[in-house]
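To keep things clear, I will list the structure first and then write my remarks on it.
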Amino acid sequence: MICAAFLLTLLCIVELHVVETSKDAPDYLEPFFCHGGLEVIYPELDVDKCLIISKDRKLREKISRTWKAPEIHFPGAKKGKLYVLVMVDPDAPSRAKPTSAYWRHWLVVNIEGNDLKKGKMRGKILTEYDPPTPPQKSGFHRYQIMLFEQLPHTPVLLSDEEKSSRGKWDFPAFITRFNLGEPVAALQFLTQNFKD
């Protein structure tokens, strides 16, 4: 039942603590998505709450073209536990027509709690980091980063079909297949094409 509630939440919109004020910036009212104390750290941007990436300092361009995978820090990680990190875009190729949702931007499994607590994430990469690159004139995209506790002695893998494409990923089925339940921590940021 809890897992079903989370899966429904994935399809919903979230409240944002707005970094930028814009008539184009969406107004979301669901504060429960961002929770758990997860930190996503890019060179000039620390995402520790739901926000909209600002045009200031060319942050939208840097997050799309310059910066590599962010550091992930989770102070609530437990010693001896393993975690799964997922980053998806539920708005691919556009929020109006998300025909390629969920676009899988990053998937790392077998992340040790001790490392995660120190911000030194190491694990088995199933999908290499792919930076947010929303198409021009597609509006704002939500980039959701979620951390799940991995069940002991349970290998988490992608099927051959899932490996063949990042797009149209059945993320809810993946969660169910590996009994991941609800994320222990989650963040979301919005950005749009830096040329828009």
Side-chain angles (χ1 to χ4, degrees), residues 1-12 14 32-42 47 63-64 67-93 98-134 141-189:
M1 184 66 115
I2 291 173
C3 186
F6 169 69
L7 295 176
L8 287 174
T9 301
L10 284 174
L11 302 174
C12 297
V14 301
F32 50 84
F33 187 87
C34 292
H35 69 279
L38 187 64
E39 288 180 76
V40 176
I41 304 164
Y42 288 98
V47 181
I63 204 167
S64 292
W67 296 336
K68 305 294 182 214
E71 290 179 24
I72 303 295
H73 184 244
F74 180 51
K78 297 175 185 169
K79 183 179 180 178
K81 297 283 185 181
L82 293 177
Y83 294 87
V84 174
L85 179 84
V86 178
M87 179 177 174
V88 293
D89 174 0
D91 302 321
T99 55
S100 292
Y102 290 85
W103 188 271
R104 192 175 61 252
H105 279 267
W106 201 13
L107 178 59
V108 185
V109 301
N110 300 336
I111 304 166
E112 293 191 19
N114 285 345
D115 293 336
L116 204 49
K117 200 171 193 123
K118 297 173 190 170
K120 303 291 181 198
M121 187 181 78
R122 289 181 284 201
K124 182 178 181 182
I125 299 170
L126 298 184
T127 303
E128 291 284 343
Y129 178 77
D130 181 33
T133 51
H141 286 237
R142 295 170 289 168
Y143 291 90
Q144 300 174 332
I145 301 155
M146 292 161 274
L147 191 65
F148 297 89
E149 196 170 295
Q150 186 174 328
L151 293 177
H153 313 295
T154 305
V156 176
L157 306 166
L158 290 172
S159 67
D160 289 340
E161 183 181 345
E162 288 172 316
K163 289 176 190 175
S164 71
S165 174
R166 291 175 181 256
K168 297 184 181 181
W169 186 36
D170 191 348
F171 181 41
F174 178 83
I175 291 169
T176 301
R177 191 164 76 233
F178 296 105
N179 293 318
L180 296 176
E182 290 196 42
V184 293
L187 281 176
Q188 174 173 264
F189 62 83

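Since we're looking at a predicted model, the values are computed, not measured.
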Tell me, do Val84 and Leu180 make a side-chain contact under 4.5 Å, heavy atoms counted?
-> yes
Partners passing salt bridge (Lys or Arg N to Asp or Glu O under 4.0 Å) against Glu149 (at least two apart in sequence or in another chain) | Lys81
Is there a donor-acceptor pair under 3.5 Å between the side chain of Arg166 and the backbone N or O of Arg104?
-> yes
With side-chain contact (heavy atoms from CB on, under 4.5 Å) as the test, would you mind laying out the steps for Tyr102 and Asp170 before giving the verdict?
-> CA-CA 7 Å; Tyr102 290 85; Asp170 191 348; over 6 Å; no
What residues form a ring-ring contact (aromatic ring centres under 6.0 Å, His included) with Phe178, not counting sequence neighbours?
-> Phe174
Under the side-chain contact (heavy atoms from CB on, under 4.5 Å) criterion, do Val86 and Phe171 qualify, and how do the steps go?
-> CA-CA 9 Å; Val86 178; Phe171 181 41; 3.7 Å; yes
Where at least one partner belongs to residues 113-122, residue pairs that pass salt bridge (Lys or Arg N to Asp or Glu O under 4.0 Å), sequence neighbours excluded | Asp115-Arg122
Can you sort out the partners of Pro70 under side chain to side chain contact (heavy atoms under 4.5 Å, CB included), two or more places apart, ordered by chain and number?
-> Val40, Tyr42, Ile72, Trp106, Tyr129
Rounded distance (nearest 0.5 Å) linking atom CZ of Arg177 with atom CG of Leu158 = 7.0 Å
Indicate yes or no for a side-chain donor-acceptor contact from Ser159 to the backbone of Glu162 under 3.5 Å, with no hydrogens or angles considered.
-> yes
Under 3.5 Å donor-acceptor, Gln150 side chain and Thr154 backbone | yes
Are side-chain heavy atoms of Val108 and Lys124 found at a separation under 4.5 Å?
-> no
For the side chain of Ser64 and the backbone of Pro132, is there at least one donor-acceptor N/O pair under 3.5 Å apart?
-> yes
Minimum heavy-atom distance Gly37-Pro75, with the two atoms named | O-CD, 3.4 Å
For the side chain of Tyr83 and the backbone of Gly123, is there at least one donor-acceptor N/O pair under 3.5 Å apart?
-> no
Starting at CG of Asp89, measure out to CG of Asp130 and round the result to the nearest 0.5 Å.
-> 10.0 Å
Can you find a heavy atom in the side chain of Thr99 that is under 4.5 Å from one in the side chain of Pro93?
-> yes
Any side-chain heavy atom of Trp169 sitting closer than 4.5 Å to one from Val88?
-> yes
Taking the side chain as C-beta and beyond, is there a heavy-atom pair between Ile145 and Leu85 under 4.5 Å?
-> yes
Chi angles and distances behind the side-chain contact (heavy atoms from CB on, under 4.5 Å) call for Leu147, Leu116 | CA-CA 10 Å; Leu147 191 65; Leu116 204 49; 3.4 Å; yes
OG1 of Thr127 to CH2 of Trp103: how many Å apart, nearest 0.5 Å?
-> 11.0 Å
For Pro134 against His141, the heavy-atom pair lying closest together | CB-CD2, 3.4 Å
Spatial distance of atom CZ (Phe33) from atom CD (Gln144) [nearest 0.5 Å] | 4.0 Å
Listed partners of Tyr143 passing ring-ring contact (aromatic ring centres under 6.0 Å, His included), at least two apart | His105, Phe189
When rounded to the nearest 0.5 Å, the distance separating CD of Gln188 from CE of Met146 is 8.5 Å
Glu39, CD: over 12 other non-hydrogen atoms inside 6.0 angstrom | yes
What distance do Leu187 atom CG and Met87 atom CE have between them, rounded to the nearest 0.5 Å?
-> 10.5 Å
With Glu71 via side chain to side chain contact (heavy atoms under 4.5 Å, CB included) - residues at least two apart | Ile41
